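Presented below is the structure to which this report refers.
Every chain is numbered from 1, with letters handed out A, B, ... down the list of sequences. Values reported hereafter were calculated over all heavy atoms of this structure, with side chains retained and with hydrogens, waters and symmetry mates removed. Small disclaimer: the values here were computed from a predicted structure and weren't measured.
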Protein chains: 2
Amino acid sequence: MATGRTHRPATRSRGIPEATVARLPLYLRALTALSERSVPTVSSEELAAAAGVNSAKLRKDFSYLGSYGTRGVGYDVEYLVYQISRELGLTQDWPVVIVGIGNLGAALANYGGFASRGFRVAALIDADPAMAGKPVAGIAVQHTDELEQIITDNGVSIGVIATPAGAAQQVCERLVAAGVTSILNFAPTVLTVPDGVDVRKVDLSIELQILAFHEQRKAGEETPESGPPAPVARTTAAAADRKGPDGDVPAVMPA
Amino acid sequence: MATGRTHRPATRSRGIPEATVARLPLYLRALTALSERSVPTVSSEELAAAAGVNSAKLRKDFSYLGSYGTRGVGYDVEYLVYQISRELGLTQDWPVVIVGIGNLGAALANYGGFASRGFRVAALIDADPAMAGKPVAGIAVQHTDELEQIITDNGVSIGVIATPAGAAQQVCERLVAAGVTSILNFAPTVLTVPDGVDVRKVDLSIELQILAFHEQRKAGEETPESGPPAPVARTTAAAADRKGPDGDVPAVMPA
DNA sequence: CCATCTTTGTGCACGCGTTCACAAAGACAT
DNA sequence: ATGTCTTTGTGAACGCGTGCACAAAGATGG
């Protein structure tokens with residue numbers, strides 16, 4: 001059964017903490033900016049400020065990669081850019097497929113940041129036959145029927161899912177079956193995948209709800225009034241003051 | 001002030017862990033699906049499976065909200081939907097502005113999940129005069145000059161930034177100055193905001209780089225054959241470790 | 001009313017991530 | 001070369017989040 005995804009303590013290979021990995025792209029971006037300004041070296045303090053993190057945290061993060069700094073001076077920008085790029089695997093080419101060319105999929109296809117760092121859009125795939133052949137971001141959309149063929153031919157290991165929620169799990173399974181082992185999921189659904197497959201989720205709705213929570217908390221602290229609905233009777237169909245359904249029906253199970 | 005904050009852990013500690021808050025939308029989505037199937041009650045085990053988390057974690061999460069379950073039975077779906085919605089602040093209306101109506105901004109404007117839960121797109125704003133008046137997702141785009149007026153008139157407290165990286169910080173400052181206190185940032189830049197302003201970041205490029213790291217690691221360790229233990233166990237990917245923003249992040253130029 | 005069975009709610013332990021604080025390392029001036 | 005000064009690299013403490021395991025609570029049946 002689907003249980004929580006236990007992020008295993010990495011392999012005993014090189015135990016770079018997950019939290020550190022998540023920050024490396026941030027450092028890389030800041031370093032690239034410095035590089036373009038021809039800044040030769042940077043201190044942990046400066047770089048940390050640019051990346052928006054604590055300097056001690058940054059130094060510890062870098063310590064997992066090795067000792068690339070020089071005491072009394074700082075870090076060599078170019079060298080660090082290279083090391084982080086290599087560590088993240090950005091020195092090689094990553095063909096990517098985007099499945100689901102709706103508004104979001106099209107926006108992703110056009111996103112510059114995609115091609116910028118080793119990532120190459122190998123194909124755009126959509127289930128709508130009317131989309132087939134239609135060019136999006138300079139690439140002709142292909143039909144879902146060709147999904148397996150595309151994955152295999154291009155050696156794609158990273159897939160992006162931008163389909164409606166209802167189709168996501170099925171698409172996911174086909175991607176995985178065809179050889180994809182990393183998935184970036186934009187559909188508002190929990191994906192179930194076999195061991196060995198990584199999934200990262202980007203969910204606009206969730207982000208907004210989290211913001212709303214904090215926003216409400218802020219407002220509540222300064223506004224003592226507003227009549228809090230006292231929690232009362234239960235067991236019986238309580239509340240449900242939220243009115244009926246609206247178009248969005250985030251299905252958890254593929255229907 | 002009558003209702004100061006953090007005064008009474010007696011009733012219920014207002015301190016809901018950030019990690020829990022981040023999962024509430026997930027539970028809510030699963031519960032909504034159950035509600036639409038008219039399922040009256042659900043056990044922590046079932047709900048946890050649907051949400052892709054551990055059942056113990058789910059129970060602990062709910063314990064922060066209060067004791068809404070019935071031992072031996074489970075949780076009342078409708079009641080829980082209401083409680084979580086209320087906790088997240090979704091029972092009220094949240095006017096939102098989207099700044100930067102490019103490919104991404106337009107996609108966001110068209111996103112159904114936006115309007116679905118209390119979030120209402122109050123305005124679409126773009127710096128390009130040619131965009132002004134042009135309808136996107138049924139709403140006429142307005143020029144940046146009117147930003148402050150729009151924020152004030154509509155009482156907007158949540159802003160979405162979908163501009164190029166170079167414009168993000170400036171837009172952010174104008175939003176904050178006009179009264180926005182929560183920002184969802186899609187631009188690949190670290191935003192600097194005053195204390196009291198929440199920022200959540202969605203960065204496609206970073207997500208891909210993290211996937212690339214793991215992908216590279218898999219490829220590199222692929223040596224030990226004999227294959228995986230072929231575990232029938234399937235994990236549910238939840239991933240995405242967001243971290244609660246605090247308001248202290250310097251800026252940096254985009255890459 | 002009592003026994004049994006199911007499922008919640010939580011005390012506890014463990015591991016990860018963050019932060020402080022400082023010794024060691026190297027640059028630089030004299 | 002030697003001393004001083006800057007900045008790294010890291011040991012250690014702390015706090016948060018996670019998962020186990022179990023007692024308590026309530027439903028259910030006799």
*Give the rounded distance in Å between these two atoms: CD of A/E18 and P of D/dT18.*
14 Å

*Measure from CG on A/D61 to P on C/dC16 and round the result to the nearest Å.*
16 Å

*For the pair B/F62 and B/Y68, evaluate ring pair (Phe, Tyr, Trp, His ring centres under 6.0 Å) and give the outcome as yes or no after the intermediate values.*
CA-CA 8 Å; B/F62 285 176; B/Y68 297 146; 8.2 Å; no

*Nucleotide of C/dA27, C/dG9, D/dA27 approaching B/T70 most closely (side-chain heavy atoms)*: D/dA27

_From the set C/dT10, C/dT7, C/dT19, return the single nucleotide nearest to any side-chain atom of B/R59._
C/dT10

_OP1 or OP2 of C/dG9 versus the side-chain N and O atoms of B/Y75: is any pair under 4.0 Å?_
yes

_Chi angles and distances behind the side chain to side chain contact (heavy atoms under 4.5 Å, CB included) call for B/K201, B/I206_ = CA-CA 10 Å; B/K201 184 183 51 174; B/I206 287 182; 3.9 Å; yes

*How close or far is atom P of C/dT8 from atom NZ of B/K57, stated in whole angstroms?*
17 Å

*Count the heavy atoms of every other residue, nucleotide or ligand shown that sit under 6.0 Å from CD of B/Q170, and state whether that count exceeds 12.*
no

*asked:* For the residue pair B/E78 / B/Y82, report whether a side-chain donor-acceptor contact shorter than 3.5 Å exists.
replied: no

_Once you apply a heavy-atom cut-off of 4.0 Å, does A/F62 come out as touching a base, just sugar-phosphate, or nothing?_
nothing

*Side chain of B/A19 only, please: which of D/dT18, D/dA21, D/dG9 is the nearest?*
D/dT18

*Look at the side-chain N and O atoms of B/S44 and state whether any lies under 4.0 Å from the OP1 or OP2 oxygen of C/dT7.*
no

*Within the structure, does a side-chain N or O atom of B/N54 lie under 4.0 Å from either OP1 or OP2 of D/dC20?*
yes

*asked:* Between C1' on C/dA13 and NZ on B/K60, what's the gap in Å once rounded to a whole number?
replied: 11 Å

*So, is B/R71 near the phosphate of D/dC22, with a side-chain N or O under 4.0 Å from OP1 or OP2?*
no

